[in-house]
Amino acid sequence: SVHVYNQDDTLLTKKEVHKRPIKGIDCQIVNSVPIVTSVSLDNSVRIMKVVDSALADVATCKGHKSHVMCCKLNPQNGLVVSGAWNGSILVWNTQPEEGATDVLHFTISTGLASTINVARQAAADVKKEFPAFNLKPVDSLAATIGQGELVYEAVRLRDAGKTLDEAYDIVSKLPLHFQYVISANDLFYLQRGGRVSAASAIVGSALGVKPILSFTRDGKLSVIDKVRGMKKVFAYMLEKMEKYNPVEEGRVIHIVHTDAEKEANELADKVEERWNFRPEVTIMGPVIGTHVGPGSVSMLWKSAEERNDG
């Protein structure tokens, strides 16, 4: 175990860090933060920082093929040099030249694309050169405003002093608490995306049918209902809000549109009248916008209950 002592020889903190005996250790101040490195007969180099009187992991560096016997940390550039029993010497860069070391990444739903796997692979590649880099990807189970609201929540948690792991634990539980009502102005855009037949698109558009979409629990975009006219679309949204009430604390209600600002603000007026809260109104992102076409008005809000559409 690694023990860290104050200058008066009192124990500050300790931590089990290796599976076999430690053969070398170093401690330096890097950018005003105490950084501790240790090497062991388990062939690994451990890099830690002292935060709030505790040792926090920065990186576990694995590259030596035999027992690691010594290490030295350069406080000017954050480089760690380690030497092993077989004569190999490796240099580890613990301080990226630019950018963040702790990253939350919010991907489009895995029900729509495999972006989260690309993010994981990219993070693994970066970590080979910068062992201190940590990325935690979060599946939004949605897109557009769903991803954006998760980012807003993560920023609030960061500003409140939460660590990467603490923020990840909170935001990764949020996606299913976002309710969606996504409307399409006509059926032809859904027909092009293969979500309705050509015959249904022709007949439905002639009758003024407005399909209602949402994200399923596994993040797929699905048609869940159809109504006639925008007024009934708004009535559907408001009725669903009565069933799944927007949470009071940290209230989130967001309206997006595709070239339908007047209608979006009409809906915002209705929501404000009922819930005494003015939703943010913005333009919809291009991913879902291509599915629903122009003239769409859609809404997201956070509820205590989990989403159960589709």
Side-chain angles (χ1 to χ4, degrees), residues 106 109 140-157 170-171 173-187 189-190 208-217 219 221-310:
F106 299 94
S109 171
S140 69
L141 295 175
T144 185
I145 53 173
Q147 289 173 273
E149 291 298 344
L150 290 171
V151 172
Y152 290 148
E153 183 63 27
V155 170
R156 287 191 285 268
L157 293 169
I170 294 171
V171 297
K173 297 172 184 174
L174 285 181
L176 286 177
H177 288 278
F178 287 138
Q179 304 291 338
Y180 294 88
V181 180
I182 303 167
S183 73
N185 196 37
D186 64 50
L187 292 165
Y189 285 87
L190 296 180
V209 170
K210 309 291 186 185
I212 303 293
L213 300 90
S214 183
F215 289 101
T216 63
R217 289 184 64 86
L221 189 63
S222 178
V223 178
I224 59 173
D225 211 337
K226 298 183 182 74
V227 299
R228 293 183 65 178
M230 190 59 75
K231 288 185 179 179
K232 290 189 176 180
V233 171
F234 290 174
Y236 185 100
M237 293 177 175
L238 297 171
E239 182 179 344
K240 187 173 181 179
M241 291 186 85
E242 295 294 342
K243 184 177 180 181
Y244 301 102
N245 292 176
V247 295
E248 286 280 353
E249 185 177 355
R251 175 160 285 179
V252 172
I253 308 175
H254 201 137
I255 296 171
V256 292
H257 65 91
T258 53
D259 197 24
E261 186 175 1
K262 178 174 179 279
E263 293 82 358
N265 280 298
E266 288 175 5
L267 176 60
D269 292 340
K270 295 177 183 296
V271 172
E272 185 176 18
E273 181 180 355
R274 169 61 182 89
W275 297 101
N276 194 31
F277 181 89
R278 184 73 181 182
E280 184 176 0
V281 177
T282 57
I283 296 175
M284 182 181 288
V287 175
I288 305 306
T290 57
H291 287 276
V292 299
S296 168
V297 178
S298 305
M299 184 162 62
L300 163 150
W301 67 95
K302 185 167 69 173
S303 66
E305 302 86 0
E306 289 190 355
R307 183 169 75 248
N308 201 29
D309 295 327

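- In Ile170, the CD1 atom is crowded: over 12 heavy atoms of neighbouring residues, nucleotides or ligands sit closer than 6.0 Å.
- Salt-bridge formation is not detected for the pair Asp309/Arg217: no Lys NZ or Arg NE/NH1/NH2 atom is positioned less than 4.0 Å from an Asp or Glu carboxylate oxygen.
- Contact between Pro211 and Val223 at its shortest, heavy atoms only, is CB-CG1, 4.4 Å.
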Show your reasoning for whether side chain to side chain contact (heavy atoms under 4.5 Å, CB included) applies to Phe178 and Leu141. CA-CA 10 Å; Phe178 287 138; Leu141 295 175; over 6 Å; no
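- Distance OG/Ser140 to CD1/Ile145: 11.0 Å, rounded to 0.5 Å.
- Between the CG atom of Asp225 and the OH atom of Tyr236 there is a distance of 4.5 Å, given to the nearest 0.5 Å.
- What you find for Ser183 and Ile212 is that their closest heavy atoms are CB-CD1, 4.4 Å.
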Thr282 and His257: CA distance, side-chain angles, deciding distance, side chain to side chain contact (heavy atoms under 4.5 Å, CB included) verdict: CA-CA 7 Å; Thr282 57; His257 65 91; over 6 Å; no
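- Looking at Asn245, its side chain does come within 3.5 Å of a backbone N or O of Glu242 through a donor-acceptor pair.
- Across all non-hydrogen atoms, the minimal contact from Ser109 to Gly219 is OG-O, 2.7 Å.
- Residue Tyr152 places its OH atom among 12 or fewer non-hydrogen atoms of other residues, nucleotides or ligands, all under 6.0 Å distant.
- Contact of the Leu238 side chain with the Arg274 side chain is not registered, since no non-hydrogen atoms from C-beta on lie closer than 4.5 Å.
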Test side chain to side chain contact (heavy atoms under 4.5 Å, CB included) applied to Leu300 and Gln179, step by step: CA-CA 6 Å; Leu300 163 150; Gln179 304 291 338; over 6 Å; no
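- Within the 4.5 Å cutoff, the side chain of Met284 has heavy atoms near those of the Val292 side chain.
- With respect to the salt-bridge test (charged N to carboxylate O, under 4.0 angstrom), the residues Lys243 and Glu239 do not qualify.
- Rounded to the nearest 0.5 angstrom, Ile255 CD1 and Glu261 CD are separated by 11.5 Å.
- A heavy-atom distance below 4.5 Å is found between the side chains of Leu221 and Ile182.
- Contact detail for Ile224 and Ser214: the closest heavy-atom pair is CD1-CB, 3.8 Å.
- Trp275 has its side chain within reach of Arg251: a pair of non-hydrogen atoms, C-beta onward, lies under 4.5 Å apart.
- Summarising the geometry of Ala143 relative to Phe215, their closest heavy-atom pair is N-CZ, 3.7 Å, with the distance given to 0.1 Å.
- The line from CD1 of Ile253 to CE of Met241 is 4.0 Å long, rounded to the nearest 0.5 Å.
- The existence of a salt bridge linking Glu273 and Lys270 is excluded, since no basic side-chain nitrogen approaches an acidic carboxylate oxygen closer than 4.0 Å.
- Counting heavy atoms from C-beta outward, Met237 and Val233 have side chains that approach closer than 4.5 Å.
- The CG atom of Leu157 sits 4.5 Å away from the CD atom of Glu153 when rounded to the nearest 0.5 Å.
- A 4.5 Å side-chain heavy-atom check between Tyr244 and Arg307 finds every atom pair outside the cut-off.
- Minimum interatomic distance between Ala260 and Val297 (heavy atoms only, all atoms of both residues): CB-CG2, 3.9 Å.
- Taking NE2 of His177 as the start and NZ of Lys302 as the end, the distance is 9.5 Å to the nearest 0.5 Å.
- The backbone N or O of Lys231 lies less than 3.5 Å from no partner atom in the side chain of Lys210, so there is not a single donor-acceptor pair.
- Residues Trp301 and Val181 have side chains in contact (heavy-atom distance under 4.5 Å, counting atoms from C-beta outward).
- Counting heavy atoms from C-beta outward, Glu266 and Met230 have side chains that stay 4.5 Å or more apart.
- Side-chain atoms of Ser296 never come within 3.5 Å of backbone atoms of Thr258 as a donor-acceptor pair (strictly under, hydrogens ignored).
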